[in-house]
Asks: 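Mind looking over this structure? Questions follow.
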Amino acid sequence: MTQSSVGIRLENVSAVFRHPDRGLVPAVREIDLEVRPGELLTLLGPSGCGKTTTLRMIAGFQEPSEGTIHIGDKDVTRVPANRRDIGFVFQNYALFPHLSVFENVAYGLRVRRMKPVEIAPAVDQVLAMVGLDGFGGRLPSELSGGQQQRVALARAIVIRPRVLLFDEPLSNLDAKLRLQMRDEIRKLQKMLGTTAVYVTHDQDEAMAISDRIAVMEDGRISQIGTAEDLYRRPASAFIAQFIGRANLLAGTVVERSDGMVTLETAGQRSAFRSAVLAVPGETLCAVLRPESISIGNTGDGMVAKVASSTYLGDKIEYSVIVGEDALKIVRFDPPEAERFEAGEEVRIRFPREGVQLLPAKR
Amino acid sequence: MQAAVIIVLWLLLALFVVYPLIELILTAFTGDEGYTLAPLVSALGNGHHLRAFRNSLLLAFLVGLLGTATGFLFAYTAERAELGRAGRRAFGLVTLLPLISPPFTTSIAFVFSFGPQGLISHDIFGMQNANVYGLRSTLVAESLTYFPLAYLALRPLIASIGGNLEEMAFSLGSSRWHVFRTVTLPLTVPGLANAFLLLFAASLADFATPLILAGNDLPVLPTEAYLQITGMFDLKAGAILSLMLLVPAALVYFAQRRLVAGRSYVTVTGKGGGQALHQALAPTARLLLIAACASICIFILYLYALLVYASFVVAFGANDTFTLASYRAVFTDGMTAIEDTLIIALIGMPLGGLYAVVVGYLVCRTKFRSRQAMEIVSMINYALPGTIVGIGYLIAFNKEPFAITGTALIIIACYIFRYSPSGIRTTVALLQQIDRSIEEASFSLGAGSFATFRRVMLPLILPAFFAGLGVVFIRSMTAISATIFLISINWTLVTVRILENMTELSLGIAAAFSVFVIVVVLVVTGILNFFLRRMTSPELRRSLSGYSA
Ligand SMILES: Nc1ncnc2c1ncn2[C@@H]1O[C@H](COP(=O)(O)OP(=O)(O)OP(=O)(O)O)[C@@H](O)[C@H]1O
Ligand SMILES: [Mg+2]
């Protein structure tokens, strides 16, 4: 690609909707976001958190009620969508139903007044890139969902936009196709080097496809980082539970020394290495991944009671009770003899390293 | 660009919708010394006017009941009785013909059948001087003319509550009759109410049928207003009578709006809720329904056959010799009317279609401050009885600064603003099916709003454009209630010629005119459908099929 990638910058951007009954509804609240040139950044968050709204403001389908948006060096806050040089892939594909696959893809080139002789090879090239050679003559209604999404992708990339925007492009596909398509999207985006923003509420998808993930919650961005950052160092309980699975064990700080923090839960103690600034008496939450907790009959560790055990072939899932909290534990590929039954008393041990301690909720 | 279009549209709406209505109201309420309520008070004290008011309401109420019942009978039978091919054809024909026939068709046929020389009254029952005029025949003729409206409104509803719901109730052990009574009927109630209001409004506004069939003992408002103006040259009395029509018409209109807005628990998808229950009807019930529908079908076809027959004989009932004289008269004396009507229809058609598509698009897909007002104002002339619109135009455009009485323009404008709203509705319905993201996709690919409209939206709403064309054409060929006030020496209409022939008792020529109109309408709508099919993709046609009416 000759054209160099550009970044996207949102500064203090807000979006407010006027709702007939509820008055003004803030959908996006004062977010700052920087997408680096050439990277694929995912907006991840639960339904209604403002992902689509943010993406639509970047596209120019909607004007922010406050703040500015830059694409490259240019302030595009008031630039309409058709002059932003973007490619948008919609959740429902949004193909033009009256145009053939070829004409759908050629559309952006035609409105750019490209010469007809140059259009055909360009269209054929991207159709080949998305694996649809020979489908040019069909109508969208004559394609499967996956094929339609490929047309939508081809239509967006054929114009070589500076920015690619995806709004849950895979959510209408079945699980297997979803995996395949997300790899293809990622490969194409890397190959073209186009800066991309990708919206999804599926954390697996987000982790698989992104350079970085921005987790949104209630109109705000609560954390940005690589998938690993978010998994290992969640900034809040919300993120801990949203990225991967997590137990939150609340405990009172009883001791802090040598970089170790000791928490007491239901009269039992456990120590974690942490740089967190905590004073004895304060309540903290330890983020404990189910697969990081070990379980046994004897030895040291906390005393817990098994509430349920579920055998799933390659793993066993336990739910155990400590004090008033229930913890999930996953044992992968356990030896045949190792099986704890509901009601049994067990010992559980937590890793000392790499456990995130967060201020307790509320 | 968009702002300019909106301003032009508002100017047109102000001139052709708001201004005539205001002029009408002012005329009604102007006394010798400025504005006064005196005319209204005296109108309410006028026994004759009050009687016309009462008759209009009574007739509309009865037509609403009878027409809705007939429409429901047909719709239910069509959806549940597993009709054969011939049955479906007959249903299609019988529910289409009344909608495209010129206004006096049923009335003429009634006279042929039940009048003094009538086939049934005179020839079969040997009655002398049978009296066809009065409430009974007006009621039946109007119901037969308007029941297709109820049928078209109810059929998709019955289809959509088909299959699953009834099947479920059925599987729970209910009897067929019980299912009908406890599931189907209650779910159809809002639709029945809607159909009733449709027919009520249609009958209230009907001018042609009562003019021929009501006779002297059953004055109704539209005919009274017409007679006051053309017979007594009393514009003011006509205005007041037509305003008396406005009150129930407005009430019905708002009731209907509320009903449609609150259509909550039955969603009409047009796709239908799966297959109708196999053998939804007990065999005897099925036979009874089919027999009832078949007799009505046969009766309607019989009326049309009489019409055709009468157009080919010297004098129906008196001299049954075959002759082409009636058609000769149509194509000689009647030729100017035919030419005028066709010119007006052909000019009005594309303008009306374009107007409908543009207004529909603006109202549905853009945001501007007066959007909702435009949606409402553009529907006014459609909702008002033709008599009101016609008298309003007569008053408003008879004087400076807009003296266009006597021109073709006034008739064309009347048709466009009165009949395009159905095209607006089709456009809106179609647009609501086209996801907004389709437009956004076009924007994101670099197209501006004009290019998007031309390349994407216009092709997609083309079906609505053609449907709009069809409606304007059909109405231009068949309408009379408003335009009867707007014709002149220079521009006259086929429907008015039919009326003149009726009053001159040249019934054969009136019949020939009617047959001619029906044939022309069938041919032209056939051509429109052909183009529609050629120009739209199969997928679009599928999504359109729910709207072609
Ligand atoms: N056109 C609108 N009018 C009013 N409120 C809106 C509109 N669009 C979105 N909202 C509101 O703004 C908030 C954010 O919506 P948005 O579509 O951005 O969420 P999302 O994160 O994309 O959710 P999802 O995962 O369900 O797509 C929601 O509370 C929503 O109800
Ligand atoms: Mg969304």
Asks: B:R436 versus chain A, heavy atoms under 4.5 Å apart: side chain, backbone, both or neither?
Replies: neither
Asks: What's the verdict on side-chain contact (heavy atoms from CB on, under 4.5 Å) for B:S444 and A:N82, showing C-alpha distance, side-chain angles and the deciding distance?
Replies: CA-CA 5 Å; B:S444 76; A:N82 56 328; over 6 Å; no
Asks: Write down the atom of B:G446, the atom of A:V111, and the distance for their closest heavy-atom approach.
Replies: C-CG2, 3.9 Å
Asks: Check whether more than 12 heavy atoms from other residues, nucleotides or ligands sit under 6.0 Å from atom CG of A:D73, and answer yes or no.
Replies: no
Asks: Grab the two heavy atoms, one from A:Y107 and one from B:A447, that are nearest each other, plus how far apart they are.
Replies: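 That closest heavy-atom pairing would be OH-CB, 3.7 Å.
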Asks: Can you list the steps and then say if A:F88 with B:E440 is a side-chain contact (heavy atoms from CB on, under 4.5 Å)?
Replies: CA-CA 9 Å; A:F88 201 104; B:E440 290 173 348; over 6 Å; no
Asks: Contact part of A:R56 toward chain B, heavy-atom cut-off under 4.5 Å: side chain, backbone, both or neither?
Replies: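 Side chain of A:R56 only, per the 4.5 Å heavy-atom cut-off to chain B.
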Asks: Where does A:L99 contact chain B at under 4.5 Å (heavy atoms): side chain, backbone, both or neither?
Replies: neither
Asks: Count the heavy-atom pairs under 4.5 Å between each of A:A94, A:G87, A:G108, A:A152 and chain B, then report the option with the highest count.
Replies: A:A94
Asks: For atom CD of B:Q372, is the number of surrounding heavy atoms from other residues, nucleotides or ligands below 6.0 Å larger than 12?
Replies: no
Asks: Please report the C-alpha distance between A:Y93 and B:D435 in whole Å, then the side-chain angles of each, then the deciding distance to 0.1 Å, and finally whether the side-chain contact (heavy atoms from CB on, under 4.5 Å) criterion is met.
Replies: CA-CA 10 Å; A:Y93 321 141; B:D435 199 280; over 6 Å; no
Asks: Apply side-chain contact (heavy atoms from CB on, under 4.5 Å) to A:H98 and B:V456, showing your working.
Replies: CA-CA 8 Å; A:H98 61 303; B:V456 178; 4.2 Å; yes
Asks: Got a donor-acceptor contact below 3.5 angstrom from the A:R83 side chain to the B:G448 backbone?
Replies: no
Asks: Counting only heavy atoms closer than 4.5 Å, note whether A:I159 contacts chain B via side chain, backbone, both or neither.
Replies: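 The answer is the side chain of A:I159.
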Asks: Could you look at A:R84 and say if it's the side chain, the backbone, both or neither that has a heavy atom under 4.5 Å from chain B?
Replies: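 Contact with chain B: none, neither part.
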Asks: Do you know the tightest heavy-atom contact between A:F96 and B:I438?
Replies: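 Between these two residues, the closest heavy atoms are CE2-O, 3.4 Å.
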